[in-house]
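A short write-up of the structure that comes next.
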Amino acid sequence: MKKIMLAAAVLIGCPVGSAFGQGSPIINLSLHDTPSNGSDGYTDIDACGSTYSYKYSGGTGNGGDVTFTGRRPVTVVLKLNNASSSDRRYTLGDVTFEGDGNHQLSWSGRAPTNGVINDKNDVAQTASYKVMVDDATKASCSIPCDPKIINQ
């Protein structure tokens, strides 16, 4: 099984008027086992001799970034959208966090293609997260991407 790490920036706890004051935004992650055509908004990743491409949508600006207002606990729903509904080769694995010295972030509620990032959002910090996507058709491999989660 091939393991692919992917992620997108999530900005949390920013000034009032930025975006999500209430509710849980949904971030969609689309993954293909082919390279980007260069103009489709996908990012290429090389792993174990193969080229994948991925793209985040949803959130503020529709690129996977999220900005929250206020200082209260918040969540971000992450959904993996396979190339077709019959393609079950990709599943979400773990999400890990770097730079989370204040222990603000956690990953929960994972199903094969969705999960939740929880943010206590009670202190300012900048951290990054990595999403592990498993490809059931290939041997283990991981690709790191380091987006930011910011509590201001």
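Given the structure is predicted, the values throughout are model-derived calculations rather than measurements. What's counted below: heavy atoms across the whole structure, side chains too, no hydrogens, waters or symmetry copies. Count residues from 1 along the sequence.
No donor-acceptor pair under 3.5 Å is formed between the side chain of Thr113 and the backbone N or O of Lys79. Under a 3.5 Å cut-off, the side chain of Asp100 and the backbone N or O of Leu105 do form a donor-acceptor pair.
Atom-to-atom distance recorded for Thr75:OG1 and Ile117:CD1 is 10.0 Å, nearest 0.5 angstrom. To the nearest 0.5 Å, atom CG of residue Leu80 and atom OG of residue Ser30 are 8.0 Å apart. Within the model, atoms CG of Asn102 and CG of Asp122 stand 8.0 Å from one another, a figure rounded to the nearest 0.5 Å.
A distance below 6.0 Å separates the ring centres of His32 and Tyr42.
In this structure Pro35 satisfies the side-chain contact (heavy atoms from CB on, under 4.5 Å) test together with Asp44, Thr51, sequence neighbours excluded. Applying the side chain to side chain donor-acceptor pair (under 3.5 Å) test to Asn114 and every residue at least two apart in sequence or in another chain returns nothing. For the side chain to side chain donor-acceptor pair (under 3.5 Å) test, no residue two or more places apart in sequence or in another chain qualifies with Ser57. For Ser108, the side-chain contact (heavy atoms from CB on, under 4.5 Å) partners two or more places apart in sequence, or in a different chain, are Val116, Asn118.
Under the 4.5 Å side-chain criterion, counting only non-hydrogen atoms from C-beta, Tyr90 is not in contact with Tyr54. Using a 4.5 Å heavy-atom cutoff, the side chains of Asn28 and Tyr56 are not in contact. For the pair Asp135/Leu31, no side-chain contact is recorded, criterion being any heavy-atom separation below 4.5 Å from C-beta on.
Listed here is the closest heavy atom pair of Asn121 and Arg71: O-CD, 2.6 Å. Residues Ser53 and Ser36 approach most closely at CB-N, 3.7 Å, considering heavy atoms. The two residues Phe97 and Trp107 have their closest heavy-atom pair at CE1-N, 3.9 Å.
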message: Run Val123 and Gln104 through side-chain contact (heavy atoms from CB on, under 4.5 Å) and show every step you take.
response: CA-CA 8 Å; Val123 299; Gln104 296 288 294; 3.4 Å; yes
task: Take Val131 and Thr96, measure what side-chain contact (heavy atoms from CB on, under 4.5 Å) needs, and give me the verdict at the end.
output: CA-CA 7 Å; Val131 178; Thr96 58; over 6 Å; no
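Among residue pairs with one or both ends in residues 25-35, those qualifying as salt bridge (Lys or Arg N to Asp or Glu O under 4.0 Å) are Asp33-Arg89; sequence neighbours excluded.
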